[in-house]
Amino acid sequence: MSDDKSAPERFTTPAMLAVEADIAATRHQLATTVDELTARLAPRAQADAAIATARRLASDATSPEADPADRAHARKVLAGVGVGVAFVTAIVVLRLARR
């Protein structure tokens, strides 16, 4: 008995080609998303963003040209940071005094 049936070629039907194209597009989109997340979550990028935010807040708090709402917000944020630093410093001093 001879077997005249040959194996079908892969991805030859339009439906198979569409699925293959969809998978390729999804892989590309996933790779792009992972690259963006990696760039955003990099420690250096986070540090740079924090520095830029701190500089902007300091500038807004001290600049007479800044919008009054931005100036008020910056001063509140900086006051909160100051209170936090004072609290942590007080805790450290108290712990050192107990030793």
Side-chain angles (χ1 to χ4, degrees):
M1 294 191 147
S2 69
D3 191 11
D4 290 337
K5 294 181 182 178
S6 60
E9 290 186 31
R10 295 182 67 190
F11 306 115
T12 56
T13 66
M16 289 180 173
L17 292 173
V19 168
E20 183 182 50
D22 187 41
I23 290 171
T26 303
R27 281 186 186 148
H28 177 70
Q29 184 180 14
L30 180 62
T32 302
T33 303
V34 168
D35 290 342
E36 287 177 13
L37 287 173
T38 301
R40 285 184 193 175
L41 297 176
R44 183 68 183 164
Q46 292 290 317
D48 290 343
I51 290 170
T53 301
R55 286 184 179 159
R56 184 179 44 89
L57 283 172
S59 173
D60 285 348
T62 59
S63 174
E65 293 88 27
D67 183 42
D70 290 342
R71 188 178 314 125
H73 178 263
R75 288 180 179 174
K76 287 177 186 176
V77 169
L78 292 176
V81 169
V83 168
V85 168
F87 182 71
V88 170
T89 303
I91 289 174
V92 169
V93 168
L94 289 174
R95 286 197 176 192
L96 289 175
R98 286 186 179 182
R99 288 185 185 186

List in chain and number order the residues that pass side-chain contact (heavy atoms from CB on, under 4.5 Å) with Glu65, two or more places apart in sequence or in another chain; answer none if no residue qualifies. Ser63
Do Thr32 side-chain atoms and His28 backbone N/O form a donor-acceptor pair below 3.5 Å? yes
Of the non-hydrogen atoms in Ala74 and Asp60, which two are nearest, and what is the gap between them? CB-CB, 3.8 Å
Residue pairs fulfilling salt bridge (charged side-chain N to carboxylate O under 4.0 Å, His left out) with at least one residue in residues 34-51, sequence neighbours excluded: Arg44-Asp48
Using a 4.5 Å side-chain heavy-atom cut-off and chaining through intermediate ILVMFWY residues, the residues clustered with Ile23 come out as Val19
For Val77 and Leu57, which heavy atoms make the closest approach, and how far apart are they? CG1-CD1, 3.6 Å
Tell me, please, which residues at least two apart from Val34 pass side-chain contact (heavy atoms from CB on, under 4.5 Å). Leu30, Thr38
Could you note down all residue pairs passing salt bridge (charged side-chain N to carboxylate O under 4.0 Å, His left out) where residues 85-99 supplies at least one of them, sequence neighbours left out? none
Partner residues of Thr89 under the side-chain contact (heavy atoms from CB on, under 4.5 Å) criterion, sequence neighbours left out: Val85, Val93
Who pairs with Thr62 by side-chain contact (heavy atoms from CB on, under 4.5 Å), at least two apart in sequence or on another chain? none
Donor-acceptor pair, distance only, cut-off 3.5 Å: does the side chain of Arg71 make one with the backbone of Ala61? no
Other hydrophobic cluster members with Ile91, side-chain heavy atoms of Ile/Leu/Val/Met/Phe/Trp/Tyr under 4.5 Å, chained? Phe87
Among residues two or more places apart or on two chains, list those pairs meeting side chain to side chain donor-acceptor pair (under 3.5 Å) that have a residue in residues 73-87. none
